[in-house]
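Order of the sequence lines fixes the chain letters, A, B, ..., with proteins taken first and strands second; residue numbering starts at 1 for each chain. FYI, side chains are in, hydrogens and waters are out, and symmetry mates aren't considered; it's all heavy atoms of this structure.
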There are 2 protein chains.
Amino acid sequence: MSDRSKMVGMTSTGTRRGRPPAFDRAAVLAAATRLFWERGYQATSVGELTGAMGIKPGSLYAAFGDKESLFREVVQGYQQSPAGQFVGLAFAEEPTARAAFARILRDAARIYADPEHPAGCMVISAAANVAAQDDEVAAFLRELRAANLAVFEERLSTAKRLGELPPTADPAALARYFGAVLQGMSQRSRDGADTAELTATAELAMLAWPAGPVG
Amino acid sequence: MSDRSKMVGMTSTGTRRGRPPAFDRAAVLAAATRLFWERGYQATSVGELTGAMGIKPGSLYAAFGDKESLFREVVQGYQQSPAGQFVGLAFAEEPTARAAFARILRDAARIYADPEHPAGCMVISAAANVAAQDDEVAAFLRELRAANLAVFEERLSTAKRLGELPPTADPAALARYFGAVLQGMSQRSRDGADTAELTATAELAMLAWPAGPVG
DNA sequence: TCAATTCTTGAGTGACCGTTCAAGAAGGAC
DNA sequence: GTCCTTCTTGAACGGTCACTCAAGAATTGA
């Protein structure tokens, strides 16, 4: 647990006392993100982290608390990056549920296989296999995935209420179906699938949309 | 690497010399299978294995070589169990490609969420995140998944040749789509999805089958 | 200038990792 | 009974794990 919360309620001056950090916090967080994204939580050691971040263990623990706190901060940053926000953007910008899900699948195909960063979705894959001692990290990510499914279902329920979906449509089942497809696409990308393959998968997946391809 | 190959080419008598093993090989393999299936390869320690198997490290190494060899033997046994054979069975017993894939998805929904054993498919999830040192194990499982996709694609190509699929159908794309759906279903089951949910996902997934729901 | 504060450094913590080995126990062959 | 072989046992091996700490360096406030 970081003590940075001391800043809250301070009187004024923006300048911090004491020796300033010798590293750029955002830069070392980016290095940690890449490692966690590639290998997952458990398979990434503190030694690898300090090596990639260019700092010593003491600095890491002073700045971030411990490995788990660092990981949670990394996930938080990830969720505010393009790779973590494309779902929310699609829901915010697309007029219909159908357009939103079609865009989510297409964006996932592009982002999961983007060679600029590790493959797949970090929230999906970063704690797929975990020892008992790391259960809390696994539960943390599992809850993020469940929250995502809840957003899916809510949007689909709204769509049904608005008449975008037929009365026979099952929002919960559709939400879980699209969630499963996205998890599968993430894992396929980690197995080497490129954007073209994932896009084809996304298009096939949209055929499950109720009431025909016209929408 | 085990020295059990000495048996090959022996003169006759079925009785083995020396002190007999004090454990049932199939039983301890079952215990190891359960652990690897639950936690994955890397997150399962030799200490946990010997504890669950009821043997000491020396016996484990004498009988199975090392952790990686034990894991490969576990995977081999897994692939000959119901949980590892349902795909092959569907292809062998179903008359059409459509019926085979529909059965594969339905069977996966039942097997992945079967409370009798750990959730999901072991080949899909047992090495999802892995350190650099365990790359060979990850590659081993990745190749098994790729082989499975090749079987999918071959069956779909045959179906296209036989006229079961329209000429516009893309066997490779369909194979990868169904592969992604299965990987997604496996991971959803590890997140707690039950057979009912996975069955609903399977039914939605089949809507991507070319040329309408009639087949 | 000098104390207070904050960060860096390097060495080190105990615990667990996968693995090995010598010694002893338990069976078949003669 | 005495080899010979095979397995079990208990105690280790070096290495890495996540993590800590005292001492020194760099900055601010007075």
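- In this structure, the CG atom of A:Asp66 is 14 Å from the P atom of D:dC21, given to the nearest Å.
- Here B:Ser59 reaches the OP1 or OP2 of D:dT8: one of its side-chain N or O atoms lies under 4.0 Å away.
- Salt-bridge annotation for B:Arg34 and B:Glu116: absent, with no side-chain N of the basic residue lying under 4.0 Å from a carboxylate O of the acidic one.
- Counting to the nearest Å, the C1' atom of C:dT19 and the CZ atom of B:Phe64 are 16 Å from each other.
- We find that OH of B:Tyr61 is positioned 13 Å from P of C:dC21, with the value rounded to whole Å.
- Within 4.0 Å (heavy atoms only), B:Arg19 reaches at least one base atom of the nucleic acid.
- Annotation: cation-pi pair B:Lys67/B:Tyr41 present, NZ/CZ under 6.0 Å from the ring centroid and within 45° of its normal.
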Quick one, A:Gln187 with A:Ser125, criterion side chain to side chain contact (heavy atoms under 4.5 Å, CB included). Give me CA distance, side-chain angles, the key distance, then yes/no. CA-CA 8 Å; A:Gln187 207 156 329; A:Ser125 60; over 6 Å; no

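- The interatomic distance linking B:Met53 (CE) with D:dT9 (P) rounds to 14 Å, in whole Å.
- A:Arg176 and A:Glu153 are not joined by a salt bridge, as no carboxylate oxygen comes within less than 4.0 angstrom of a charged side-chain nitrogen.
- To the nearest angstrom, P of C:dC7 lies 15 Å from CG of A:Asp24.
- Map B:Ala22 and A:Pro20 each onto its nearest nucleotide of DNA chain D; the residue landing nearer the 5' end is B:Ala22.
- We find that CZ of B:Phe23 is positioned 15 Å from P of C:dG27, with the value rounded to whole Å.
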Side chain to side chain contact (heavy atoms under 4.5 Å, CB included) evaluation trace for A:Gln42 with B:Asn129: CA-CA 8 Å; A:Gln42 180 166 255; B:Asn129 303 108; over 6 Å; no

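- We find that CZ of A:Arg39 is positioned 15 Å from C1' of D:dC17, with the value rounded to whole Å.
- Mapping B:Arg17 and B:Tyr41 onto DNA chain C by nearest heavy atom places B:Tyr41 at the nucleotide closer to the 5' end.
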A:Glu93 vs A:Arg103, test: salt bridge (Lys or Arg N to Asp or Glu O under 4.0 Å). Steps then yes/no. CA-CA 10 Å; A:Glu93 297 178 358; A:Arg103 170 168 160 183; 3.0 Å; yes

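- In this structure, CG of A:Asp134 is placed 14 Å from C1' of D:dC19, rounded to the nearest angstrom.
- A salt bridge links B:Arg39 with B:Glu48; the closest basic N to acidic carboxylate O contact falls under 4.0 Å.
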Report, as a single string ordered 5' to 3', how protein heavy atoms within less than 4.0 Å touch nucleotides 10-17 of chain C: B base, S sugar-phosphate only, - not at all. S------S

